[in-house]
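Notes for the one structure printed next.
Only a predicted model underlies this, so the values are computations on that prediction, with no experimental measurement involved.
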Amino acid sequence: MYKSSAAPSRTGRNIKAYIISVIIGLVFSGLILLFFSLVTWLLQLPISYSEIFSALAFGAGCLASGIFIGWARRQNGLINGIRAAFLFQVPVFIISIFMSGLTGALLAERFIVAVICGSVGGVIGVNRKFK
């Protein structure tokens with residue numbers, strides 16, 4: 001058998017980086033949601049704060065996803081951050097369909113938050129010097 005010594009294709013590495021960035025965003029968003037639920041429980045806050053906390057966790061997940069993809073790709077942070085945020089929205093959208101039913105009231109606001117946080121994260125990731 002002949003084994004190719006060629007490096008993996010750029011497309012394969014790019015897709016892998018985007019998948020990892022979505023996973024990082026989901027994990028970070030989940031941890032933020034756990035923290036906010038603990039704060040709500042300890043401080044006995046009203047349930048109306050859950051919408052604000054979930055929006056903050058969603059934005060933080062998009063930001064984390066954008067930072068990772070900006071760091072991994074090291075170019076075009078704005079566009080790559082928006083792509084990562086859009087891909088982050090897909091599993092969140094699917095989870096929200098099964099958990100709470102599909103409500104289209106906040107889709108536009110989620111999209112705007114995702115674009116802003118993802119692009120900011122991508123720019124931060126490209127310009128950040130990680131050791």
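Of the possible donor and acceptor atoms, one in the side chain of R74 sits under 3.5 Å from a partner among the backbone N and O of G125. S119 places no side-chain N or O within donor-acceptor distance of the main-chain N or O of L78, the cut-off being under 3.5 Å. Side-chain N or O atoms of S21 include one that pairs as donor or acceptor with a backbone N or O of Y18 at under 3.5 Å.
Of all heavy-atom pairs spanning Q89 and F111, the tightest one is NE2-CA, 3.2 Å. Nearest heavy atoms, I69 versus A84: CG2-CB, 3.7 Å. Heavy-atom minimum distance, A85 versus G118: CB-CA, 3.8 Å.
By the rule that hydrophobic residues join a cluster once side-chain heavy atoms approach within less than 4.5 Å of another member, F58 and L87 end up as members of one cluster. A continuous path of Ile, Leu, Val, Met, Phe, Trp and Tyr side chains, each step under 4.5 Å between heavy atoms, connects I82 with F86, placing both in one hydrophobic cluster. Linking Ile, Leu, Val, Met, Phe, Trp and Tyr whenever their side-chain heavy atoms come within less than 4.5 Å leaves V126 and W71 in two separate clusters. Residues L56 and V113 do not share a hydrophobic cluster, clusters being chains of Ile/Leu/Val/Met/Phe/Trp/Tyr side chains in contact below 4.5 Å.
Looking at heavy atoms from C-beta onward, N80 lies in side-chain contact with R83 at the 4.5 angstrom threshold.
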Kindly list each side-chain donor-acceptor pair under 3.5 angstrom involving residues 23-50, sequence neighbours excluded, with atom names and distances?
residue : atom : partner : partner atom : Å
S29     : OG   : A57     : O            : 3.1
S37     : OG   : L33     : O            : 3.3
S37     : OG   : L34     : O            : 2.8
T40     : OG1  : F36     : O            : 2.8
Q44     : NE2  : W41     : O            : 2.8
S50     : OG   : I47     : O            : 2.7

